[in-house]
Trainee: 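My questions all concern the structure below.
A note on names: the letters A, B, ... follow the listed sequences, proteins ahead of strands, and every chain is numbered from 1.
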Number of protein chains: 2
Amino acid sequence: VSDIRPIEWETDHLRILDQTLLPSIEEYRELRTVNDVILAIQSLAVRGAPALGAVGAYGVVIAFIQAEREQWTPETLGQNIRNLRDARPTAVNLAWAVDRVSRYLGDGIQRILDEAQAIENEDREANLAIANNALTWLDVNYQKPSYRILTHCNTGTLATTYWGTALGVIRALHLAGKVTEVLVDETRPLLQGSRLTAWELEKLGIPYRIQVDSAAAGAILGGMVDFAIVGADRIAKNGDTANKVGTLSVALACKYAGVPFFVAAPTSTFDQSIASGNSIEIEERNKREVLNFGNIDVAPIGSNVFNPAFDVTPGSFVTHFFSETKDAVYRGE
Amino acid sequence: VSDIRPIEWETDHLRILDQTLLPSIEEYRELRTVNDVILAIQSLAVRGAPALGAVGAYGVVIAFIQAEREQWTPETLGQNIRNLRDARPTAVNLAWAVDRVSRYLGDGIQRILDEAQAIENEDREANLAIANNALTWLDVNYQKPSYRILTHCNTGTLATTYWGTALGVIRALHLAGKVTEVLVDETRPLLQGSRLTAWELEKLGIPYRIQVDSAAAGAILGGMVDFAIVGADRIAKNGDTANKVGTLSVALACKYAGVPFFVAAPTSTFDQSIASGNSIEIEERNKREVLNFGNIDVAPIGSNVFNPAFDVTPGSFVTHFFSETKDAVYRGE
């Protein structure tokens, strides 16, 4: 996986690995307009909160270049950047990165590009720091020779710019010889677990089994899991954590069974502007994601669907947050 | 749905609706040998604990006819009946019905057929009694004018011989004008919720929305559900309930949110011979159910899978059991 670069800036455009086609097809796409970027984000060709931060940052660079090429008015540029910022509502990293880079729009292409690259580099460093902090914490507080780990969705290289968040922790544990098995929730509806996480674990040589999401509770209560670890899309001041739908079920089962439940996320995912999860907007996505599979209808035509992309886990369910700073973040109860 | 007969005895064979092809194709199959019956059970062409009882009962009749036709020894007949009894391990109804009909093997075809038909008729009556008892209980104890209901898997006509268990309760509530909406868990891996339950609700004109299984917890904690109701495959003496994988997650969320969680099942599903859920064998099924969708691979080739068909919900999580008898069954805590 080390050589996989799912997001790469190339002179005047962004090159991304189209994650909708994995694991069958490894195909790259070039993003040259703001609409290219928005479409890639909304179709989940690129996804994962930290990766969305980097893509949002480079998206501002693309907007700047496109504005010059197409002689946009400042209003048109502003509107395009707002559209980019709002491409998906739940992950805070996207808006955070767009805002951070947009501050330098008056300073020319080099300054903007520098800021976008700084965001990418900081995320790469954060990935490693998160993993290091997690390993230290586990050594001090848990001290098992090897772990059976449950994870949900994809939080690896494909969701970030380097090792990943929760999956980066698993990768570091594996390098230390401390992973017995990873139980991978398939993560309906779009199967980021079975399509993406399993693909990464396979490449890394880490032992894993895939399970349907609803098998997680039985595995946790049945004593098959030493801890669960997930990423996050937005974390409120009280620790309430928005993450891929299904995270809450994992947390509830861990809480009941007394199994540690960890969240791994860079500080850019912590939203100090909201007091609790009640203020987090939950994106509802298209019903086709649930009703169709390839070309197969799996429900009566015209069925209605409730398709939230995320849920909110109460902060009190989180045993510990792993971040790149050791003390700056909420520590759970 | 009233005219749908997913299981029907016809002179010398059993006619079943092949549920693996729904909702796209409504196709019937004729079962004329014990192996036909076992294959139909194991492929889930027919499923649902009460339906498995009826199919097991008629399966003994088929075994008897086949034994005469093919001049089996008593040993061969006995072995075939044991294979039928063990076709799936978790639902108690299958073994219970096979044993009940087998007692009359010495009494000739008519007596065996009578017993099988008695089992079917009792299940039909139980369906209605369960629904009546549930409506009375809700009127006395809950008293809402209309309910938003969450259900998991399929427990309707397709899982029984008539109205269904949990879905029979919903059907009766709908006839009384008391159903606002049913949230239908799609029920991975084989999608009995989106393929079968939604198909039945659509035919009955009951409003519903399909959701991925892992959306259930967010819906329950988010106040979208007045109660959850499910069926059961086996209920231990202490109320521990084996049911389709994912039931436990629904129950955990209901418990945390203070939302009533009901189990509807005929007395044939209550296994007084086991003290707790620890004694219930959980069937693990083929990994292809999780890794493939039609012809599409949704995970790296060769991935390992944990694919339990069921989980066990602690009896203390069940607000009330609805059965055809009012008092004979465990009432939860």
Side-chain angles (χ1 to χ4, degrees), chain A residues 23-24 152 183-189 191 193-195 198-199 201-202 207-219 221-222 224 244-250 252-253 255-256 282 287 289-291 293-308 310-312 314, chain B residues 23-24 152 183-189 191 193-195 198-199 201-202 207-219 221-222 224 244-250 252-253 255-256 282 287 289-291 293-308 310-312 314:
Chain A
S24 313
H152 191 78
L183 276 177
V184 178
D185 282 356
E186 63 172 5
T187 316
R188 283 281 287 152
L191 301 172
S194 52
R195 291 194 305 108
W199 182 79
L201 291 171
E202 185 76 37
Y208 68 91
R209 279 188 291 172
I210 297 167
Q211 62 187 1
V212 298
D213 304 315
S214 66
L221 268 67
M224 293 169 58
K244 174 56 55 194
V245 66
T247 302
L248 174 58
S249 277
V250 172
L252 279 161
K255 179 89 171 172
Y256 181 77
I282 299 297
K287 68 182 191 173
E289 293 183 351
V290 178
L291 299 181
F293 221 103
N295 293 320
I296 306 166
D297 288 317
V298 294
I301 310 288
S303 290
N304 291 320
V305 171
F306 173 56
N307 185 22
F310 304 93
D311 57 27
V312 176
Chain B
S24 312
H152 190 77
L183 276 177
V184 178
D185 281 358
E186 63 172 5
T187 316
R188 282 283 286 153
L191 302 172
S194 52
R195 290 194 306 108
W199 183 78
L201 291 171
E202 185 76 37
Y208 67 91
R209 279 188 291 172
I210 297 168
Q211 62 187 359
V212 298
D213 304 315
S214 67
L221 268 66
M224 292 169 60
K244 174 56 55 195
V245 67
T247 301
L248 174 58
S249 276
V250 173
L252 279 161
K255 178 90 170 168
Y256 181 77
I282 299 296
K287 68 182 192 174
E289 292 182 353
V290 178
L291 298 181
F293 220 104
N295 293 321
I296 306 166
D297 288 317
V298 294
I301 310 287
S303 290
N304 291 319
V305 171
F306 173 55
N307 185 21
F310 304 93
D311 57 27
V312 176

Trainee: To check you understand the geometry: which heavy-atom pair defines the closest contact between A/Phe293 and B/Ile296, and what is its length?
Mentor: O-CD1, 4.1 Å
Trainee: Sort B/Pro189 into side chain, backbone, both or neither according to what part of it lies under 4.5 angstrom from a heavy atom of chain A.
Mentor: both
Trainee: Could you grab the distance from atom CD1 of B/Ile210 to atom NZ of A/Lys287, nearest 0.5 Å is fine?
Mentor: 9.0 Å
Trainee: Quick check for you: among B/Pro308, B/Ala216, B/Ala198, which has the greatest number of heavy-atom pairs under 4.5 Å with chain A?
Mentor: B/Ala198
Trainee: If every non-hydrogen atom of B/Tyr208 is compared with every non-hydrogen atom of A/Asn304, which pair is closest and at what distance?
Mentor: O-CB, 3.7 Å
Trainee: Could I get the full list of side chain to side chain donor-acceptor pair (under 3.5 Å) partners for A/Arg188, not counting sequence neighbours?
Mentor: B/Glu186
Trainee: Select, from A/Ala215, A/Gly193, A/Gly218, the one with the greatest count of heavy-atom pairs under 4.5 Å involving chain B.
Mentor: A/Ala215
Trainee: Checking heavy atoms, do the side chain of B/Ser24, its backbone, both or neither come under 4.5 Å from chain A?
Mentor: side chain
Trainee: Given heavy-atom pairs under 4.5 angstrom as the criterion, report whether the side chain, backbone, both or neither of B/Pro23 touches chain A.
Mentor: side chain
Trainee: If we only count heavy atoms from C-beta on, is the B/Phe306 to A/Met224 side-chain gap below 4.5 Å?
Mentor: yes
Trainee: Looking at B/Asp213, B/Val212, B/Asp297, B/Val250, which has the largest count of heavy-atom pairs under 4.5 Å with chain A?
Mentor: B/Val212
Trainee: Looking only at atom types and distance, does a side-chain atom of B/Ser194 sit under 3.5 Å from a main-chain N or O of A/Val298, one as donor and one as acceptor?
Mentor: yes
Trainee: So which part of B/Asn307 gets closer than 4.5 Å to some heavy atom of chain A, the side chain, the backbone, both or neither?
Mentor: neither
Trainee: Given heavy-atom pairs under 4.5 angstrom as the criterion, report whether the side chain, backbone, both or neither of B/Pro314 touches chain A.
Mentor: side chain
Trainee: Is B/Ile282 in contact with chain A via its backbone, its side chain, both, or neither, using a 4.5 Å heavy-atom distance?
Mentor: neither
Trainee: Looking at residues at least two apart in the chain, or sitting in another chain, which of them share a side chain to side chain contact (heavy atoms under 4.5 Å, CB included) with A/Thr247?
Mentor: A/His152, A/Val230, A/Asn243, A/Lys244, A/Phe261, A/Asp311, A/Thr313
